[in-house]
Amino acid sequence: RRAPEIEGSLNVRLAGVKLLHSGKVRDVYLDGEDLILVASDRISIYDVVLPTPIPDKGEVLTRLSLWWFEQLTDIVPNHVLSATDVPAEFAGRAIRCRRLDVVQVECIARGYLTGLGLKEYQRDGAVSGVTLPPGLVEADRLDEPIFTPTTKEAVGVHDEFITFADVQEQVGADLAEELRDLTLRIYARGRDVAAERGIIVADTKLEFGRTPDGTLILADEVLTPDSSRFWPLDQWTPGRVQYSFDKQSVRDWSLTAGWDKTAPGPEVPSDVVERTRARYIEVYERLTGTSF
Ligand code: ATP
Ligand code: MG
């Protein structure tokens with residue numbers, strides 16, 4: 001238990017901050033007009049949050065997102081207000097953001113075919129209505145990156161692919177065009193920067209919001225291992241499932257632990273935690289070229 005005086009100051013500092021939403025990995029607080037996005041050290045594999053945290057993961061992802069927002073300012077403005085003006089207990093892992101009217105479309109760009117995109121292709125020969133050439137296999141690179149938006153569903157409901165025409169209908173033709181264009185430009189920038197550092201960005205998910213005057217702004221997190229698939233370039237082999245840069249040690253271990261991929265997840269042993277932590281830090285350091 002905390003000493004009473006610390007408990008008291010905690011309450012004071014948290015006064016006015018209200019938990020709005022708790023995702024698998026992040027928590028969203030409302031502070032007056034602003035949002036505070038807090039990245040925890042929780043990790044999820046196969047959509048299940050494991051009981052064991054990965055130390056520093058929240059801070060790594062927060063700092064990586066901040067770094068990318070900065071790299072992208074020539075393409076798109078972002079929602080960041082401050083990385084330091086946050087409640088002390090979240091220091092390092094939180095971002096104060098402008099609260100926006102979030103566009104209810106998950107803006108996904110894919111440069112490689114895997115995951116649900118691959119499944120959709122195998123069924124329809126197309127993803128989000130974008131027809132792809134026949135014969136593509138797991139982890140193949142696409143000739144051109146494609147925009148494969150999905151609906152943005154409540155927690156627990158799976159997002160569904162929608163076509164560009166659906167997006168046009170939902171948000172209007174101009175905004176739809178702008179979302180696709182920005183998503184593909186941001187992906188291309190991320191892909192090129194990462195490629196120089198030996199990392200493939202297979203795909204990425206973005207969220208955009210609008211200010212009251214209608215300006216489109218990049219929100220949420222950007223080009224983190226939680227919103228993107230990062231693969232080691234030197235091990236890329238189409239035709240099989242690729243190693244994920246960040247979560248592979250936990251996934252591999254979980255399969256040897258006889259876990260059936262349903263909740264609750266197993267406790268992760270400390271050597272696997274340490275390896276995973278090192279991978280997150282490595283992604284950060286390789287991408288940003290700075291030490292964590
Ligand atoms: P999951 O764990 O599957 O990602 P989730 O998406 O519900 O679930 P989070 O990603 O942790 O959980 O939630 C972040 C929420 O904050 C999202 O709903 C996102 O749309 C919202 N959000 C992000 N940036 C802003 C912003 N600037 N203004 C308003 N809402 C925002
Ligand atoms: Mg989310």
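Numbers here simply count residues along the sequence, with the first being 1. Indexing begins at 1, ligand by ligand and atom by atom, following the structure's order.
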Discussion item. Among T114, D246, D203, exactly one meets side-chain hydrogen bond (donor to acceptor under 3.5 Å, both in side chains) together with R229. Which residue is that?
Written reply: D203
Worksheet item: For ligand 1, what are the residues with a heavy-atom contact below 4.0 Å?
Response: H21, G23, K24, R26, V28, L35, H79, R98, R99, L100, V102, K152, V155, E207, A219, D220
Discussion item. Checking the side chain of E153 only, and the main-chain atoms of T151 only, is there a donor and an acceptor separated by less than 3.5 Å?
Written reply: no
Item to complete: Using salt bridge (charged side-chain N to carboxylate O under 4.0 Å, His left out) as the criterion, list what pairs up with D124, not counting sequence neighbours.
Response: none
Worksheet item: Can any side-chain N or O of D101 pair as donor or acceptor with the backbone N or O of G209 at less than 3.5 Å?
Response: no
Discussion item. Show me the pairs that pass side-chain hydrogen bond (donor to acceptor under 3.5 Å, both in side chains) and involve residues 178-199, at least two apart or across chains.
Written reply: D74-R189, E177-R180, D181-R185
Worksheet entry | Where at least one partner belongs to residues 143-184, residue pairs that pass ring pair (Phe, Tyr, Trp, His ring centres under 6.0 Å), sequence neighbours excluded | none
